[in-house]
Amino acid sequence: MSENISVLGLGLMGSALADALLTAGHRVTVWNRTPSKADPLVAKGATRAATPAEAVEASPLVIACLLDYPSVYQVLQDTSLAGRVIANLTTGRPAEAREAASWVAERGADYVDGGIMAVPHMIAKPGALILYSGSRPAFDRHEQALADLAEPRYVGEDPGMAPLLDLAMLTGMYGQMAGFLEAAALVTSAKYPLKEFTETLLIPWLNATAALQPAWAEKIEAGDHHTEVSNLEINRVGLENLVSAFREQGVKPDLLLPMKTVIDQRTARGLGHEGLSGLIEELYNEGR
Ligand code: NDP
């Protein structure tokens with residue numbers, strides 16, 4: 001079903017979102033601080049709003065995709081939000097999302113926060129995912145239109161949940177990239193072909209080890225770090241060995257060292273019999 005939707009912010013991502021909505025047949029109103037960025041979308045059938053207020057006035061669903069949360073407030077401050085759904089797809093922190101939800105609610109509108117798990121060229125293509133949290137009724141009302149951007153996944157009433165899970169997914173990605181870069185430095189130090197190593201050895205290995213993670217998640221949820229597979233002491237020795245091997249190859253193990261520090265800390269507490277999942281206990285602040 002076609003809807004009236006406004007998009008505030010036509011940078012790389014905002015333009016991709018507006019373009020996908022136009023392609024899906026929605027009536028799209030667009031606004032951008034630098035007006036010329038709206039030209040290609042207007043040529044495709046979008047309506048240009050002269051001000052953010054005009055854009056908010058035009059549609060029940062208003063999508064904001066701006067640089068950061070302060071720019072969202074700047075853009076929305078002189079608009080009349082009452083009765084609108086604000087879907088804020090700007091990247092931010094959980095606390096910022098909760099604050100924005102209250103700010104929007106005080107102005108009589110519903111708030112949904114979104115975490116975009118895609119780059120612009122992936123929008124409206126299989127594999128693109130957007131996490132949403134906040135008002136469930138607002139999400140339900142517009143779910144079909146949001147599905148024209150990417151697979152929409154609602155993750156809870158707490159507006160901070162989508163940004164939190166977005167950050168958690170990025171964290172997993174950075175960890176994987178850190179491992180890849182260290183492995184690549186070691187492999188290239190021995191002049192072994194990196195692409196071949198990556199495709200034929202590393203990726204199958206990472207897929208196999210990733211398959212263990214749901215079992216770790218269960219252990220963490222149960223607070224049970226018992227293992228019969230590979231305990232922390234064995235991993236402590238393994239990491240020592242790795243770090244020495246790196247140095248012998250003339251490669252710095254800098255991205256691996258933080259993990260070694262935490263393993264050393266945990267085993268020093270006499271918990272070397274636990275599995276690696278026990279390291280999570282070292283990451284929580286006391287009094288959690
Ligand atoms: P761009 O830098 O391409 O666009 C930024 C947008 O914010 C522009 O429309 C810019 O307007 C606007 N803007 C910046 N400051 C202000 C302000 N003070 N007042 C009004 N408008 C302002 O960034 P993207 O489009 O790539 O990113 C937008 C959001 O999407 C970010 O939060 C980003 O993290 C998120 N995102 C982006 C991804 C990506 O791959 N690009 C992936 C996932 C999330 P102007 O054109 O006038 O400068």
Side-chain angles (χ1 to χ4, degrees), residues 5-23 28-44 46-59 61-79 81 86-101 103-104 111-134 146-155 159-174 176-177:
I5 305 173
S6 293
V7 179
L8 303 172
L10 303 172
L12 294 172
M13 185 52 88
S15 290
L17 299 175
D19 189 72
L21 293 170
L22 283 169
T23 304
V28 181
T29 300
V30 291
W31 176 85
N32 194 59
R33 180 180 62 179
T34 307
S36 58
K37 288 193 189 164
D39 294 351
L41 295 159
V42 171
K44 204 175 165 177
T47 302
R48 187 196 308 269
T51 60
E54 213 177 283
V56 171
E57 170 74 26
S59 313
L61 173 61
V62 178
I63 295 175
C65 188
L66 294 153
L67 176 68
D68 54 13
Y69 279 60
S71 59
V72 174
Y73 291 117
Q74 268 177 28
V75 168
L76 291 180
Q77 65 188 352
D78 295 322
T79 69
L81 296 182
I86 307 302
N88 184 17
L89 304 192
T90 305
T91 304
R93 303 191 314 279
E96 287 181 305
R98 292 177 194 125
E99 206 177 303
W103 189 88
V104 163
Y111 183 85
V112 177
D113 204 280
I116 305 174
M117 308 312 301
V119 291
H121 72 262
M122 289 167 66
I123 293 300
K125 305 234 168 56
L129 171 72
I130 303 183
L131 304 170
Y132 293 97
S133 56
L146 297 174
D148 291 323
L149 301 175
E151 180 197 333
R153 184 91 54 95
Y154 181 79
V155 294
M161 195 55 80
L164 185 137
L165 297 183
D166 182 340
L167 296 177
M169 287 172 76
L170 290 177
T171 302
M173 180 192 78
Y174 283 123
Q176 195 194 48
M177 284 176 171

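As the structure lists them, so they are numbered: ligands from 1, and atoms in each ligand from 1.
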- Query: Is the backbone of Ser6 close enough, under 3.5 Å, to the side chain of Ser59 for a donor and an acceptor to pair up by distance?
  - Reply: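 Yes: the side chain of Ser59 pairs with the backbone of Ser6.
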- Item | Exercise: identify the closest heavy-atom pair between Leu61 and Ala87 |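 Smallest heavy-atom distance, with atoms named: CD1-CB, 4.1 Å.
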- Scan residues 86-98 for pairs that pass salt bridge (charged side-chain N to carboxylate O under 4.0 Å, His left out), counting only residues two or more places apart or in two chains.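 The answer is Arg93-Glu96, Arg98-Asp158.
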- Task: Return the set of residues passing ring pair (Phe, Tyr, Trp, His ring centres under 6.0 Å) with Tyr132 (not counting sequence neighbours), or none when no residue passes.
- Result: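 With neighbours one apart ignored, the set is Phe139.
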- Who are the side-chain hydrogen bond (donor to acceptor under 3.5 Å, both in side chains) partners of Tyr69, not counting sequence neighbours?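 Applying side-chain hydrogen bond (donor to acceptor under 3.5 Å, both in side chains) to Tyr69 gives Asp113.
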- Item | 4.5 Å side-chain heavy-atom contact, Pro94 and Leu167 |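 Yes, side chains in contact.
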- Item | Proximal protein residues to ligand 1, non-hydrogen atoms under 4.0 angstrom |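 Lining ligand 1: Gly9, Leu10, Gly11, Leu12, Met13, Gly14, Asn32, Arg33, Thr34, Lys37, Cys65, Leu66, Leu67, Ser71, Gln74, Val75, Thr90, Thr91, Ile116, Ala118, Val119, Pro120.
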